Amino acid sequence: MTYDFNTIEKKWQDYWAKNQTFKASNTSDKPKYYVLDMFPYPSGAGLHVGHPLGYIASDIYARYKRHKGFNVLHPQGYDSFGLPAEQYAIQTGQHPAVTTEANIKTYRRQLDQIGFSFDWSREVRTSNPEYYKWTQWIFIQLFESWYNNDSNKAEHIDTLVEKFASEGNTTVNAACDDDIESFSAEDWNNYSSEQQQEILLKYRLTYLAETEVNWCPALGTVLANDEIVNGVSERGGHPVVRKKMTQWSMRISAYAERLLQGLDDLYWTDALKDIQKNWIGKSVGASVSFNVNGHDDIIDVFTTRPDTIFGVSFMTLAPEHELVSKITTEVQKAEVEAYIEKTAKRSERDRMADVKTISGVFTGAYAEHPFSKEPIPIWIGDYVLASYGTGAVMAVPCGDQRDYDFAKHFDIAIPNIFEGVDISKEAYASKDNVKIANSDFLNGLAYKKASKLAIYQLEQLGQGEGKTNYRLRDAVFSRQRYWGEPFPVYYVNGMPQMIDKAHLPIVLPEVEKYLPTEGGEPPLGRADVWAWDTESNTVVSNDKINHTTIHPLELNTMPGWAGSSWYFFRYMEDAANRDGVFASEDALKYWENVDLYIGGSEHATGHLLYSRFWVKLLKDRGFVNVEEPFKKLINQGMILGTSAFVYRVKFSVNHSLNSAGIANKEEQQKHLEEISNILPSLYISENLVKEKSLIEVDEYFKENYLDKYETKEVLEKIKSYQENHNTAESVNIHVANIDKLHVKVQYVNASDELDIEGLKTDGEFGEDFKDAEFILENGVYKVGREVEKMSKSKYNVVNPDNIVADYGADSLRLYEMFLGPLEQYKPWNTAGITGVHNFLKKLWKLYVGENGLKVNDAEPTKDNLKTLHKTIKKVQEDIENFSFNTSVSTFMIAVNELTAQKCTSKEILKPLLVLISPYAPHIAEELWSQLGNNDTISTAPFPVFDASHLVESSKKYPISFNGKMRFTLELPMDMPKDEIEKTVMAHEKTIAQLDGRTPKKVIVVPGKIVNIVG
RNA sequence: GCUGAAGUGGUGGAAUUGGUAGACACGUUGGACUUAAAAUCCAAUGUCCAUUAGGACGUACGGGUUCAAGUCCCGUCUUCAGUACCA
């Protein structure tokens, strides 16, 4: 009986499905454990071998936890709203729901064949109306919430309305827009309902505001900051410009501090926490108000260095700052306006790329120093950003390099306020090891004390206070797309109104085309039935809009991160009980949050931050019990593709055109082109071009392959050309270029040799290569190789389907783990899979011989037990440390040892299967059943490690001389130190090594090593 | 620039608390079996010197601590990732 993996794997996959082996229960005596993968977007290309990496890791962990006696929830679903389906729809007219459905089918088939222990009964799809009903519901909760900085949590908007009605807004400490005017309770009660709504909108956790957004014209939509990479769209690489639009925003900034503090309690890597910390960007300092001479206006600045207040020698405002036009003097007006115009023209990208150039203009106005009352010139400069802090800075050139450079450039004074520091060359930006000087009451103090005192004194003057700033911006929540969640919002007189929860979901309307309208409205602007009837509470035809009972609906849709910000809660509820709730109280209470979350690090500042934000809101409002969604998080690395290249030699025909008439010249050109056209396509093997210049390659060709391109036909053409144009000048054919072209990796073997026949008969590219000639080295064509991201366009994608068909799912699972540490980026190399495949065959042979099962009740030997228990210990440690690659080697060692020991003992081989089962579940199940078990192996208890089997009676000591190991010596474990020394010193090899010298010192570490010094 | 991670044979990687560097695989070479191939099995495989015995050198580079350093400390370089005029 051989290892027939295809049959075995199918058999057990069917068994698991039929018996619902991995269905989780919401009631159990066992402790709970929730293992989650970041759910995939079902793209049209299907899975490649890189996708399952994280799923395999989480599956191993989930299966391990089941063996360890946990009630495991391990669900899977689809993030099925998204741009690619929409773009495909734009191109083909195919409804995104249709393509999405088809893609999900492919994904499911591919996932199933890998043998994951998912509980598919709890599947979620973000594009399913029954699901996005609750995404819409959460949006309404955000709309009906405000953030109370005093209680430090979100509260229902009604509590705010009560406060306004009884106290006005002056006692309210809320996270809100900064352009709010104060009003009394009386004012509030006298406001019209519309005025009140307008004010409330400035407090709500999701609000409508005119914001400057990242507009991507090519995609026709707005992008969030984290959807932009290097100034272009993450998807498609299209340019992005700044544009003002009215958009829904999420007041995530209200949670900045809690998002930061919350990180401390999470078992995430420091690397990931740092990314979020940087993104939140907390800086502690002070706000300082400067009076403007001759005006009533005040310039507020934010500074992290209030201790350097006496070093201020000028101020700089962002060119967009609202006071610029007001305070600029007549004399400076023209120059200032010209500068503003110039900077406005420069795109954000230009400004970013060009950090070196210093530019700015003096406004002519002066501010007053809060303490010294000295006049301070006010400049504008584009190094100050309107979007951060207050859009204005107090410049301290001796303590900040940018201020220093600016001052030097414009010849502004640079007062030194640091004791004993030389600032003639550059600013001294460090806060440490320095005392303040020339600063009145701050003299002699260090950073901390000086800052505190400066803030205190500013407070006394009423011109400043301690302040904390965050870089985290509110998140734009509107997208001008079709394939996303519709908002449950309609507009009455331009004011947004929420649709009552009872009438959700608001289902995406049908449209004819998925493009924005000609008038620039989002695709939903094309829907005919997209108005809200407040009487029937249904969506009705647009032509019924009367603005009294029937109103227009919101045309934007929600961004991709809406549905993924809460899906982990949806899985907690049994599919059968999901009707009235997003997840029942009991389910939420039982599962709490995700114990282990595995996914890519690219979501660090997007999904992972937004999810945390929504969970905190749901917690504040009492809908869930947890403050954080993901307790432990692991980022799996990416599996990269190994691209293959062929080198196409491009020839060009060279002949100086003679000075004959123009008509003749054109004809000549034409003839030369004709010659070019019949030049053959030659592909040259890698090492013949590697590290060679074009000239060298040209020479090489002239020497060796002249006949390949100066064919009879070509020579004849040249001859006739020469005759035609009456010239004797030689016509030159030379190598002009070498193109590096991707070829499909499937035609390349492990030794980088190209299967030329395969390539020539390829369905897609065969035509291109049909007549190509390949120049070989040592009889083969070697391709060039390079490690790149796996992508369809690079032809380096390896499909798991083929791997599963050729080697089996267990081989694929083991191999993906064996490749290297989970978190690491690593290239895929199919050749290596034979290693793990051979291991599985060896494992099989350990149990099954030619005449059937070999396993018997033989008493295990000492060696058998030692191998087993050392394996138990190592594998358990490895799984708990997510070091899956090393446990695969451990299995290999165990099987090699047991094979050498000719072990047939059931007492050893049965628990071994449980160890391997999380990694290679199919073969484990099959052998488990062959051993006579009638039940699935998946809940069999994990073997218990017994240290007594590993106790050794002797130790092979490495004997080293001056730290270099020379030989080993087997000595009893219990031999005392001085005895070891005696034995070693008396050993003939030691005497030979010492060669008559007397050692200075002998180090003996019992159980470890002996080192002889001297 | 700042923040973080990493640099080990031909390749992927191992060495979890300082204690035999290169486990386990891939690849390569040689051998067995076979008419042949595949499959399987056996052996060798860090580099250099040496017939052997053995020796020298080796974990990006330069120093240091230690009986002993891939591992700890100081400095430098390179690569990758995040972020970017953040006051």
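Small disclaimer: the values here were computed from a predicted structure and weren't measured. Note on naming: letters A, B, ... go to the chains in the order of the sequence lines (proteins, then strands), and numbering restarts at 1 for each one.
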At less than 4.0 Å, is any side-chain N or O atom of A:S283 found next to OP1 or OP2 of B:A87? Yes or no. yes
Looking for any heavy atom pair under 4.0 Å, which part of the strands does A:P827 touch: base, sugar-phosphate only, or nothing? nothing
Who pairs with A:F645 by ring-ring contact (aromatic ring centres under 6.0 Å, His included), at least two apart in sequence or on another chain? A:H742
For every nucleotide of nucleotides 15-24 of chain B, 5' to 3': is a protein heavy atom under 4.0 Å from its base (B), only from its sugar-phosphate (S), or from neither (-)? -B--BB--BB
For the residue pair A:S283 / A:N469, report whether a side-chain donor-acceptor contact shorter than 3.5 Å exists. no
May I ask you to evaluate whether A:Q824 reaches the phosphate of B:G13, defined as a side-chain N or O under 4.0 Å from OP1 or OP2? yes
Calculate the interatomic distance between A:F891 atom CZ and B:A14 atom C1'; express it in whole Å. 16 Å
Sugar-phosphate, base or nothing in reach of A:N469, heavy atoms under 4.0 Å: nothing
Could you list all N or O pairs between the protein and nucleotides 43-50 of chain B that sit under 3.5 Å apart?
none

Under the salt bridge (Lys or Arg N to Asp or Glu O under 4.0 Å) definition, can you give me all pairs with a residue in residues 877-896 of chain A, not counting sequence neighbours? A:K873-A:E877, A:K874-A:D878
Taking atom P in both B:A21 and B:A69, what distance in whole Å separates the two? 10 Å
Taking only side-chain N and O atoms of A:R471, does any of them lie within less than 4.0 angstrom of OP1 or OP2 on B:A84? yes
Indicate whether OP1 or OP2 belonging to B:U3 is found under 4.0 Å from a side-chain N or O atom of A:K273. no
To the closest 0.5 Å, what do you measure between NZ (A:K841) and OG (A:S811)? 9.0 Å
Starting at CZ of A:R305 and ending at P of B:A87, how long is that distance when rounded to a whole Å? 11 Å
Side-chain donor-acceptor contacts of residues 306-316 of chain A below 3.5 Å, not counting sequence neighbours, with atom names and distances?
residue	atom	partner	partner atom	Å
A:D307	OD1	A:R305	NE	3.1
A:D307	OD2	A:R305	NE	3.4
A:D307	OD2	A:R305	NH2	3.1
A:T308	OG1	A:R305	O	2.8
A:S313	OG	A:A413	O	2.8
A:T316	OG1	A:Y383	OH	3.2

For A:T899, what residues pass the side-chain contact (heavy atoms from CB on, under 4.5 Å) criterion, not counting sequence neighbours? A:L846, A:V895
Just compare B:G82, B:G13, B:A87 and give me whichever is closest to any side-chain atom of A:K826. B:G13
Verify the contact: side-chain N or O of A:Y388 to OP1 or OP2 of B:A87, cut-off strictly under 4.0 Å; return yes or no. yes
